[in-house]
Amino acid sequence: PSRLDRLYRIALTDGAETVVYEDVTADRLPALSPDGQRIAYIRTPLELQYTRVPLLSVLDAGGAPRDLTLAFDRSATDPAWSPDGASVYFRAQNEGNTALYRIAPDGGTVDTVISAADGSFIEVQAYHVGKTGGIACVAATPDVPGELFYLAPGASAPVKLTDVNRALLDTVIVQPTVEVRFLSYDGASVQGWYIPPVNAQAGTPAPLIVHIHGGPRIMANPASKMWHEWQLYAARGYGVFFCNAHSSDGYGQEFQRLAYGEPDFPDHMAGVDTLIARGLADPDRLLVTGGSYGGYMTAWVVGHTDRFKAAIAERGVYNLFSQYGTTDFPVPTEHEFDAKPWEVPMQVWERSPLAHAHKITTPLMILHSENDYRCLISEAEQLFNYVRLAGQTPVQMVRFPREGHPLSRNGEPEHRVERLTLMLGWFEKYCPA
């Protein structure tokens, strides 16, 4: 099937396709009810599939879909049925947590099934509902990477089944992750986190690495797969700050409505200023990095301020025009500007970091993969040459052969090690801890 706005049923015998339901929505992740009469799935208006909070919906045989999570106002994903068909489970991101929820297929209250303990955070990364109603899941916390848990039928909390990371945790110091709340430019509360360096001295501000997440409509979670990278920075003497600026998922539709530099740049700067005011960060030893949209924002930040000692932009989008014509996913640009790029050329160019690259005075490292089809390596080549030809600051570009967009998560092991080595080397060269 080639259309996103249809749900299909495909016969296993001969591959014949039948349209189950047709709507102007992007539909994905269908889950068939135990009695075979209903489908739970995730849908988003087709023209807003990048900017709209995805909805959990249920479609009855021969009926119309019911949106179950409209009032919940959080991005639902991974639906699954209870064995008796009385509940639909789903994961959702909510203010720094990725928890497991459930709701009746006819609608009603969203119940929390697996969540973090009070004062902590959790990332439920995957789950499976068994035939008797028990739930197995992989979950991580800010202190422990992903482990396997089991929630027995009727139990109030899951039991940890594995301890596969114990050998690692016994040999390293895991720094605490501290929640930081601060006010944005519009008075909204922004949620962030700070990880102090291992050598933190009370009353002595530390050098700070600001990490900007990708997306932009995803959510930073202090228990996420970035855990090892943040802890490595802390082990080398740097404080780490990351936040869910405007445009991030996990805070509702209105909070994530706008992106691309203008609404989120002030949030990151407000978070840095908050840490400086609290005596945690040294204003003269600030560093910034991020990948994908975080790479975009890193280039945007150093194109608009010179307060950082060094920057590392990874796998980013730097020219929204060329990105639109080369990427495997052009939808974000159309939906963000509600237009084709050629219909609003000046607006698209002004929101491209490349338009401001000639102003960059911060030493910049650019990391990119040669087989990145989401953000082609030509994006990095343009940024590198603009900064190099402007001649105002050192700039270095590193190409990773054979790698794609998610190098930092599933790249060749030697490349992942080399990436972190290069990043630490760049930061330590211009801002020793």
Side-chain angles (χ1 to χ4, degrees), residues 1 3-13 15-46 49 52-94 97-116 122-139 148-159 161 250:
R3 293 184 57 171
L4 291 173
D5 55 345
R6 291 177 176 175
L7 282 176
Y8 294 86
R9 180 172 58 245
I10 300 178
L12 296 179
T13 53
E17 298 177 2
T18 303
V19 177
V20 178
Y21 188 77
E22 184 173 358
D23 196 5
V24 188
T25 57
D27 304 326
R28 61 187 187 274
L29 300 174
L32 190 65
S33 64
D35 62 6
Q37 298 303 302
R38 293 170 291 182
I39 298 174
Y41 66 106
I42 305 301
R43 72 178 198 146
T44 314
L46 194 62
Q49 61 177 298
R52 180 71 177 86
V53 167
L55 301 169
L56 171 64
S57 302
V58 167
L59 177 67
D60 295 325
R66 294 185 303 279
D67 295 325
L68 304 183
T69 56
L70 192 60
F72 185 56
D73 197 25
R74 295 294 186 269
S75 298
T77 190
D78 294 343
W81 291 85
S82 61
D84 59 5
S87 300
V88 180
Y89 294 92
F90 64 97
R91 293 189 308 123
Q93 300 188 132
N94 184 22
N97 281 291
T98 305
L100 183 65
Y101 301 90
R102 70 177 167 220
I103 190 170
D106 294 325
T109 303
V110 173
D111 297 321
T112 303
V113 179
I114 298 176
S115 62
I122 193 171
E123 183 179 63
V124 177
Q125 299 170 346
Y127 76 99
H128 178 77
V129 183
K131 293 181 179 180
T132 62
I135 300 173
C137 75
V138 176
L148 182 63
F149 293 80
Y150 178 68
L151 180 67
S156 59
V159 175
L161 300 181

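Since the structure is predicted, the reported quantities are computational estimates derived from the model, not experimental observations. Because only heavy atoms are used, hydrogens play no part in the values below, and waters and symmetry mates are left out as well, while side chains stay in. Residue indices begin at 1 and follow the sequence shown.
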Under 3.5 Å donor-acceptor pairs involving side-chain atoms of residues 97-110, not counting sequence neighbours:
unit_1, atom_1, unit_2, atom_2, d
N97, OD1, I122, N, 2.8
T98, OG1, N221, ND2, 3.4
D106, OD1, R66, NH2, 3.4

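- When every heavy atom of S156 is checked against every heavy atom of L151, the shortest pair comes out as C-CD1, 4.2 Å.
- Minimum interatomic distance between V129 and A80 (heavy atoms only, all atoms of both residues): CG2-CB, 4.4 Å.
- In this structure R91 satisfies the salt bridge (charged side-chain N to carboxylate O under 4.0 Å, His left out) test together with D78, sequence neighbours excluded.
- F90 approaches A76 most closely through the heavy-atom pair CD1-CB, 3.7 Å.
- The CZ atom of R43 lies 9.0 Å from the CG atom of L59; values are rounded to the nearest 0.5 Å.
- The shortest side-chain heavy-atom distance between P83 and T132 does not fall under the 4.5 Å cut-off.
- Nearest heavy-atom pair, Y41 versus P79, reported as atom, atom and distance to 0.1 Å: CA-CG, 4.2 Å.
- Between L55 and T69, the shortest heavy-atom distance links the atoms CA-OG1, 3.6 Å.
- No side-chain heavy atom of Y127 sits less than 4.5 Å from a side-chain heavy atom of V113.
- At a threshold of 4.5 Å between non-hydrogen side-chain atoms, the residues R28 and T44 count as touching.
- Here the CG-CD1 distance, from L29 to I42, works out to 6.0 Å after rounding to the nearest 0.5 Å.
- Under the 4.5 Å side-chain criterion, counting only non-hydrogen atoms from C-beta, P34 is not in contact with D84.
- Going from atom OG of S75 over to atom CZ of R52 covers 8.5 Å, rounded to the nearest 0.5 Å.
- Closest approach of S33 to W81, counting heavy atoms only: N-NE1, 3.4 Å.
- In this view, D73 satisfies the salt bridge (charged side-chain N to carboxylate O under 4.0 Å, His left out) rule with no residue, not counting sequence neighbours.
- Contact annotation: the side chain of Y8 approaches that of V19 to within less than 4.5 Å [non-hydrogen atoms, C-beta and beyond].
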